Amino acid sequence: MIERIIIAGSGGQGVMLLGKVLAQAAMRQGRFVTWFPAYGPEVRGGTSYCMVIISDWEIGSPYINKADTLIILNNPSLERFKGRVKDEGLLILNSSLAKAGANKRIKVLQFPFTDIALKLGNIKVANMAALGCYLGAKKIITIQEMLEVFRFMAPAGKTNILEVNEKALQEGAKLGDG
Amino acid sequence: MIERIIIAGSGGQGVMLLGKVLAQAAMRQGRFVTWFPAYGPEVRGGTSYCMVIISDWEIGSPYINKADTLIILNNPSLERFKGRVKDEGLLILNSSLAKAGANKRIKVLQFPFTDIALKLGNIKVANMAALGCYLGAKKIITIQEMLEVFRFMAPAGKTNILEVNEKALQEGAKLGDG
Amino acid sequence: MEKIFFRPEALYDVPTHYCPGCGHGIVHRLVAQVIDQLGIREKTIGIAPVGCAVVAYDYWNFDCSEAAHGRALAVATAIKRVRPQNIVFTYQGDGDLAAIGTNETIHAASRGENLTVIFINNAVYGMTGGQMAPTTLLGQKTSTTIDGRDREKHGYPLKISEMLALLPGVYYIERVSLHNPQEVLKTKRAIRQAFENQINNSGFSLVEILSPCPTCWGLNPKESLDWIRDYMQKEFPLGRIK
Amino acid sequence: MEKIFFRPEALYDVPTHYCPGCGHGIVHRLVAQVIDQLGIREKTIGIAPVGCAVVAYDYWNFDCSEAAHGRALAVATAIKRVRPQNIVFTYQGDGDLAAIGTNETIHAASRGENLTVIFINNAVYGMTGGQMAPTTLLGQKTSTTIDGRDREKHGYPLKISEMLALLPGVYYIERVSLHNPQEVLKTKRAIRQAFENQINNSGFSLVEILSPCPTCWGLNPKESLDWIRDYMQKEFPLGRIK
Amino acid sequence: MAKIIINQDKCKGCFLCVSFCPKGLIKKSAKLNKRGLNFVEFDDRGECIGCMQCAVICPDCCIEVYK
Amino acid sequence: MAKIIINQDKCKGCFLCVSFCPKGLIKKSAKLNKRGLNFVEFDDRGECIGCMQCAVICPDCCIEVYK
Amino acid sequence: MPKKKILISGNEAIAEGALQAGCSFYAGYPITPQNELIAYMAQYMPKTGGVFIQAESELAAINMVYGASAAGARAMTSSSSPGISLKQEGISYIAGAELPAVIVNIMRGGPGLGNIAPAQSDYFQATRGGGHGDYHTIVLAPGSVQEAYDLAQTSFYLADKYRMPVMILGDGILGQMMEPILVSHKSPAANRHNKQKPWALSGCKGRKPNIIKSFALAEGALEELNLKLQRKYKVIKNKESRFENLFLDDAKVVLVAYGTMARIAKSALGRLRLAGKKIGLIRPITLWPFPERAFCLRNKRIKYLVIEMSYGQMLEDVRLTVNGKAGVEFLGRSGGGVPSEEEIINKVKKIL
Amino acid sequence: MPKKKILISGNEAIAEGALQAGCSFYAGYPITPQNELIAYMAQYMPKTGGVFIQAESELAAINMVYGASAAGARAMTSSSSPGISLKQEGISYIAGAELPAVIVNIMRGGPGLGNIAPAQSDYFQATRGGGHGDYHTIVLAPGSVQEAYDLAQTSFYLADKYRMPVMILGDGILGQMMEPILVSHKSPAANRHNKQKPWALSGCKGRKPNIIKSFALAEGALEELNLKLQRKYKVIKNKESRFENLFLDDAKVVLVAYGTMARIAKSALGRLRLAGKKIGLIRPITLWPFPERAFCLRNKRIKYLVIEMSYGQMLEDVRLTVNGKAGVEFLGRSGGGVPSEEEIINKVKKIL
Ligand SMILES: Cc1ncc(C[n+]2csc(CCOP(=O)(O)OP(=O)(O)O)c2C)c(N)n1
Ligand SMILES: Cc1ncc(C[n+]2csc(CCOP(=O)(O)OP(=O)(O)O)c2C)c(N)n1
Ligand code: SF4
Ligand code: SF4
Ligand code: SF4
Ligand code: SF4
Ligand code: SF4
Ligand code: SF4
Ligand SMILES: [Mg+2]
Ligand SMILES: [Mg+2]
């Protein structure tokens with residue numbers, strides 16, 4: 001098994017975190033995993049992204065030319081990365097902020113993650129909704145495993161934030177699994 | 001012909017200049033010549049020296065391990081360099097400020113160059129008296145040739161200095177030739 | 001209707017890479033406006049720093065050189081000496097001018113080089129993601145002063161303009177701010193003065209500009225301006241220093 | 001009869017390489033005397049500069065480190081931070097402290113490092129044979145200012161002590177001179193003060209000492225002292241600066 | 001009577017112009033520009049006094065003022 | 001009554017002590033020391049006041065003072 | 001020793017490894033792509049009671065490391081290419097004064113300001129002494145985040161053992177990427193004073209003064225120091241070279257690559273082996289001393305393919321090692337370009 | 001052109017050669033053993049209407065040279081080993097920005113403060129890019145004061161031709177010694193503006209703005225710059241290598257030495273030839289590009305004896321050139337030690 005995921009969005013959307021929890025979960029499964037961020041002036045203003053590779057074998061470059069999955073949270077990121085997914089790959093798209101046209105080359109799952117997050121009362125959990133959607137669709141990590149990672153990484157005493165993250169994850173998972 | 005000369009004395013005694021006029025004269029003869037100074041902190045306080053090589057062939061290192069001739073103007077320099085002359089080499093010594101014992105290995109010419117200079121009215125020309133002595137003894141450059149160098153190198157308008165230098169040279173030459 | 005405010009010729013009509021609300025954008029425009037107004041665009045040579053403004057030459061429509069981090073004033077010194085007829089200025093951040101480049105700054109000033117210096121004090125290293133700058137305020141949190149700058153551990157904010165003012169080679173120093181449109185206009189006047197001084201051969205002129213870095217300060221653009229007004233100004237008082 | 005003046009224990013009984021009449025010799029002794037008198041020889045760590053005093057460690061009877069040219073205060077900062085119980089001082093020439101080392105000097109001072117700095121201002125680069133120093137007087141001839149230092153071409157003499165005095169991290173700065181025995185004794189008092197400050201954890205202390213370099217000035221030793229009195233003092237006024 | 005023209009493609013949505021317009025004539029737009037950023041819109045209700053506050057503070061030189 | 005002892009081997013002949021002795025008790029020697037330098041001599045005519053001027057100015061720490 | 005698995009970036013792993021090794025002094029100046037290292041040190045060094053200083057420049061930082069090491073601390077600095085160039089004088093001084101110190105270079109594209117993309121174009125500088133004089137630094141090139149952590153610890157051990165600067169040479173990818181690693185859980189302080197340093201500056205109470213210096217003016221003294229250094233370097237060449245060899249037994253083409261480049265080479269190797277091609281790999285872990293013994297020079301039909309994120313710097317060491325006894329080919333890109341698996345595979349196919 | 005014979009030191013000859021070549025900007029910082037060069041510039045540069053600056057540091061000096069060159073001047077700096085280490089970042093920037101510049105290194109003993117005796121231990125630094133990134137400087141190694149004067153002129157020509165830094169690499173002996181040289185008497189100003197530099201900064205009147213930079217952030221841009229540099233280096237390797245060969249026809253042992261070391265090797269060669277020994281000599285004049293074509297690799301029984309004032313730096317270039325096709329021996333001393341004629345002769349006798 002090797003899964004290459006590019007996660008992209010704007011600065012405040014928590015794409016780095018999304019990648020990190022995913023990587024954490026893969027690590028806990030005992031798999032090989034790499035997480036690689038955009039860094040430096042690239043990050044100024046525009047889009048932010050990270051790349052996660054989860055594999056049963058040793059991983060070479062953590063840099064992804066062609067991804068198995070794209071998780072895209074806004075429009076500029078879509079513009080930048082839409083060509084970077086393999087044929088028959090998966091695109092998880094935040095339809096609150098971006099729209100993808102019909103596409104036969106790849107599978108597209110678009111849902112309004114930002115709106116979902118707003119409904120849950122915290123716009124910042126759009127990323128977790130997207131993550132849930134991804135896990136629902138690809139199931140390389142169970143929601144249960146991911147929730148354990150959440151609990152492990154959550155700052156002590158911030159249970160309310162934990163809760164809304166969990167909810168977003170589960171909402172997303174339902175959509176992805178659907 | 002190759003002649004290697006080490007010239008040493010204290011900071012103010014003009015040993016660098018002595019070496020330079022000698023090198024100039026050799027250059028005007030069309031010979032190969034190098035002049036090499038002590039430099040850097042070596043010069044602080046203690047002794048100062050330079051090395052001149054005059055040759056009919058291309059010169060390798062300008063540094064002299066064993067000299068054909070030593071021209072020594074004070075005692076610390078004598079201590080430092082006395083072992084650095086070849087067997088049957090020549091030592092020109094300023095007996096005003098240093099004394100060499102009897103020595104069969106080398107030829108020693110010692111005269112009170114500082115006193116001679118004082119008598120001529122300028123202590124600074126002791127170096128030229130020593131140079132004269134050397135040329136008188138070794139005759140690789142004529143006094144005439146050297147006087148031309150003096151005139152060429154003398155700062156314009158300073159004829160009185162030139163004169164006393166010339167006198168010192170000639171006094172020295174007489175001693176060396178004697 | 002007449003166009004009374006427009007993009008100056010010295011500023012290319014391209015978007016910048018700066019974060020929303022970044023002070024660099026304002027100052028780039030002010031410099032360009034002054035250069036246009038003085039009619040010196042065709043003889044100006046700008047030195048871009050290493051810092052967020054590293055590609056200032058992509059925005060300015062006149063000759064420019066990059067300088068290694070902190071060495072802008074060494075580069076500028078040489079250019080001005082080689083071409084005294086040109087107008088030469090440096091544009092530098094606080095890290096560039098007052099940390100790694102302190103030596104070049106002080107000695108160019110001490111030599112009294114006839115140069116103009118635009119000094120962007122945003123109390124932080126923007127380009128590298130928000131570490132402590134020499135100008136970081138006591139208590140200010142940065143990625144290398146996680147619990148806030150502590151004078152015991154990290155030393156005091158450095159007022160390099162005040163130090164430079166002591167040098168006989170320095171002709172003009174003023175500290176200005178961007179925290180509202182009025183202050184921006186004062187900043188423009190100071191920049192103009194600093195260029196005029198060079199034109200008049202008066203010697204070393206420096207304008208220190210308190211400038212917002214919303215990204216590294218963790219504030220939104222307006223809050224950033226207020227932070228200058230409420231905190232930064234206290235440590236770095238505005239006005240003519242020399 | 002009692003011995004009332006003698007070689008301090010902290011000064012080895014060896015000849016130095018300094019030229020006759022060189023101020024370094026005097027200050028080496030003063031430092032050693034103060035260290036003896038404060039009883040701190042066994043916990044003192046000295047940083048020798050690159051300059052004529054490069055081998056000061058051959059003369060001082062306590063732990064010493066060399067520092068690269070200009071970097072003495074970076075080296076000292078680290079030593080003091082690693083070993084706060086030790087007494088750490090730097091001994092630096094004007095080239096070392098105020099030319100190549102300006103940055104390290106200013107930032108160590110700005111951080112308020114609890115260090116003692118002995119700053120030998122002889123208005124020239126002694127070690128390298130007498131080039132212009134940042135402290136060279138206007139009009140003074142050196143091998144790189146053949147017709148005398150000219151402010152247009154070579155800039156102004158740098159009063160770094162006055163600049164440092166502006167920094168909140170700096171506790172004590174005094175400028176003293178060696179031009180006669182009375183001044184030498186004042187110098188000793190200032191050096192003592194600067195060490196006591198460190199013992200008391202008061203922070204950065206610097207003593208600037210106007211010091212003769214007969215060799216590079218082309219004067220005899222006594223004339224050199226007179227030159228300090230008659231000229232150097234005017235540019236570098238003596239007394240407490242902070 | 002005065003007016004401003006906002007270059008919406010260059011606007012980064014810092015909203016400083018919004019904060020400083022004495023007449024409250026600049027508003028955040030609901031739309032995103034092609035760079036994906038929230039831009040601002042001029043509410044031309046004829047109240048603009050051409051004071052240039054907005055243009056002077058704009059870090060991206062997006063605003064032209066006419067009077 | 002006081003006196004000084006000069007370490008003549010270390011003396012470099014800078015003559016600063018000569019300049020500053022208020023009693024004129026220090027003289028340039030006619031001899032050279034083993035390093036080839038002109039040293040100085042103390043003229044012990046019983047006038048030394050132990051003021052230490054000579055010792056304080058000596059760059060080479062050649063002078064001990066007794067009182 | 002209990003071990004724990006954590007997800008961490010290469011930059012942070014180096015910092016954490018250093019802290020575990022008892023590093024008690026860090027001075028650095030920000031530069032991309034190594035900022036996570038300095039940030040980690042800023043946060044955790046004070047917690048272990050050590051000293052963290054954000055220096056005013058790279059020059060100050062390296063000279064602070066010199067000072068801290070002179071005072072007996074395990075000391076470290078880090079930077080990226082342009083900043084490392086600025087440290088060259090200081091590194092030469094550390095080598096000359098025989099001080100232990102660890103210097104980290106997370107390389108980026110050069111020359112000049114270049115860019116912040118990963119690169120391996122400072123190999124010459126690291127292995128040939130970018131500073132002046134006949135000195136060397138031991139150069140360690142981790143190929144994974146785990147190894148970055150491990151070698152950070154090794155680096156202090158080697159630095160102390162030989163009293164010399166040790167460089168950890170990584171690139172922007174290695175510095176930025178996160179991977180799971182096993183960390184040990186002893187207290188860093190335990191490591192700190194496990195090595196007596198009688199030569200260090202601490203005040204001369206009860207002993208003769210110590211002097212730390214690289215200056216040697218007396219006739220012959222500097223030559224003597226240099227001969228001493230050369231003897232030390234010889235011992236290190238014999239004892240300390242490290243490498244990883246894969247599938248050399250039957251290999252017809254041997255890839256030679258280090259650091260991040262070796263990871264990509266390994267992926268290519270895997271694909272080539274799956275396709276039945278007889279390919280091997282040598283991954284130098286020490287770049288100086290270069291692991292000459294990894295090369296078996298009996299089989300003259302072997303071809304070596306050196307792969308670098310540069311235009312051929314390690315290539316020279318391979319050529320010097322092989323010394324004409326086998327073919328040496330090269331594949332390299334620079335300025336942020338990274339040879340891809342595909343490029344490697346194509347090149348190998350051409351050679352086969 | 002009228003010529004005049006003068007007695008002058010190597011340091012001064014380089015300065016005078018530079019002035020003759022139209023060098024109109026010099027910035028430097030004092031350091032032994034190159035102080036005569038800066039003193040000469042201080043005295044004579046203003047007389048030719050050029051700019052002399054005693055910089056506050058070597059760092060400032062190299063960056064001033066960067067600026068002066070960006071503004072179109074023929075610009076130069078000089079220093080000795082520790083000061084050259086400090087210039088490495090700046091040299092890398094000059095290479096990256098493709099600016100012409102001349103840098104003089106009058107080497108002294110290292111590492112660290114070392115001493116001020118002559119040395120050749122910065123060969124690696126000079127030829128392998130002591131700074132970061134895949135760049136090169138042309139390195140010229142004069143063997144006499146005359147050649148120092150001549151190559152100083154050449155260096156500006158090459159720097160302008162290829163828009164890159166050129167280094168003159170000498171040692172303390174060459175810098176300090178005086179020899180007679182022939183100097184030409186044209187006016188330096190004549191040389192100054194003989195090369196148009198349309199890329200230089202002068203104000204953008206009548207043209208598009210010029211930009212001098214080494215930064216290239218856009219994807220692929222830095223790789224492109226690097227490829228351009230590599231193409232340039234290839235041309236230089238083909239066209240610009242220089243050397244002096246002596247008695248190679250029948251030589252059984254060929255001495256390889258440069259600079260001052262070659263002078264001593266020549267003296268030894270003379271004595272050996274007088275004694276009937278078949279000895280030859282290769283004296284590289286360009287150290288980068290290394291003059292590979294000076295080596296004839298057909299005769300496999302030739303032995304090369306590399307002689308350096310270092311522990312074997314040029315040795316690597318000789319070994320890379322010979323590539324196992326002939327024996328390579330080495331004789332070297334460092335830290336101020338200079339192999340003597342006798343040592344060379346003894347070594348040769350052992351090899352023969
Ligand atoms: C020699 C060197 N050191 C460090 C860096 C990394 N660096 C780039 S910009 C910068 C500091 C930026 O801060 P500042 O000068 O205040 O400018 P700002 O980005 O805040 O405008 C640093 C440390 C570099 N490029 N070169
Ligand atoms: C990096 C470096 N640059 C230059 C030098 C040469 N150098 C040695 S000492 C010195 C200056 C000495 O002047 P100062 O610091 O005033 O000390 P002084 O000798 O006057 O006491 C210089 C330039 C050096 N050793 N290292
Ligand atoms: S990081 Fe700060 S200084 Fe840099 S562009 Fe963003 S706001 Fe401006
Ligand atoms: S050169 Fe000057 S500072 Fe140096 S030892 Fe001589 S007198 Fe002292
Ligand atoms: S010009 Fe003044 S009134 Fe008009 S929109 Fe701008 S800020 Fe508002
Ligand atoms: S100030 Fe400029 S960039 Fe900011 S919101 Fe207004 S128009 Fe847009
Ligand atoms: S102690 Fe005073 S009186 Fe005695 S010799 Fe010295 S200076 Fe003269
Ligand atoms: S002051 Fe000291 S060194 Fe100078 S002459 Fe007197 S005793 Fe000798
Ligand atoms: Mg800043
Ligand atoms: Mg000095």
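Since the model is a prediction, treat every value here as computed from it, not as a measurement. Residue numbering restarts at 1 for every chain, and letters A, B, ... go by the order of the sequence lines.
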Greatest number of non-hydrogen atom pairs under 4.5 angstrom with chain H, of G:G112, G:A95, G:G133, falls to G:G112
Centroid-to-centroid, G:F215 to G:Y93, below 6.0 Å? no
Okay, H:L225 and chain G: the region with an atom under 4.5 Å from a heavy atom over there is neither
So G:Y233 and G:W288, would you call those rings parallel, tilted or perpendicular, with 30° and 60° as cut-offs? perpendicular
With only heavy atoms counted, which part of H:Q120 is less than 4.5 Å from chain G, the side chain, the backbone, both or neither? neither
Would you check if the side chain of H:K232 reaches a backbone N or O of H:R163 as a donor-acceptor pair within less than 3.5 Å? yes
Hey, does the side chain of H:S69 reach the backbone of H:L99 with a donor-acceptor pair shorter than 3.5 angstrom? no
Pairwise side-chain contact, H:E308 with H:Q313, heavy-atom cut-off 4.5 Å (strictly under): yes
In terms of heavy-atom pairs under 4.5 Å with chain G, the winner among H:I84, H:N105, H:N115 is H:N115
Please look at H:L320 and chain G and tell me whether the side chain, the backbone, both or neither of the residue comes under 4.5 angstrom of a heavy atom of that chain. both
Where the side chain of G:S92 meets the backbone of H:P111, is there a donor-acceptor pair that is under 3.5 Å apart? no
Using a cut-off of under 4.5 Å on heavy-atom pairs, state which of G:G312, G:A216, G:G96 scores highest against chain H. G:A216
Just so I understand: if I count every heavy-atom pair under 4.5 Å between each of G:Q88, G:E58, G:E223 and chain H, which residue has the most? G:E223
For H:Q230, which atoms come within 4.5 Å of any heavy atom of chain G: side chain, backbone, both, or neither? side chain
Before we go on, tell me: are the rings of H:F295 and H:Y304 under 6.0 Å apart, centre to centre? yes
Go through H:L229, H:N323, H:L59 and name the one with the most non-hydrogen pairs under 4.5 angstrom from chain G. H:N323
Using heavy-atom distances under 4.5 Å, tell me whether G:L227 contacts chain H through its side chain, its backbone, both, or neither. both
Of G:G131, G:A221, G:G337, the largest count of non-hydrogen pairs under 4.5 angstrom with chain H goes to G:G131
What part of H:I94 is in contact with chain G, defined as an atom under 4.5 angstrom from a non-hydrogen atom: side chain, backbone, both or neither? neither
Specify which of G:I91, G:D122, G:V322 makes the most heavy-atom pairs with chain H at under 4.5 Å. G:D122
I need the residue from G:G110, G:G324, G:G130, G:G114 with the largest number of non-hydrogen atom pairs under 4.5 Å to chain H. G:G114
For H:E343 and H:S340, indicate whether the former's side chain and the latter's backbone hold a donor-acceptor pair under 3.5 Å. yes
Is the ring pair H:Y258/H:Y123 parallel, tilted or perpendicular, if the boundaries are 30 and 60 degrees? tilted
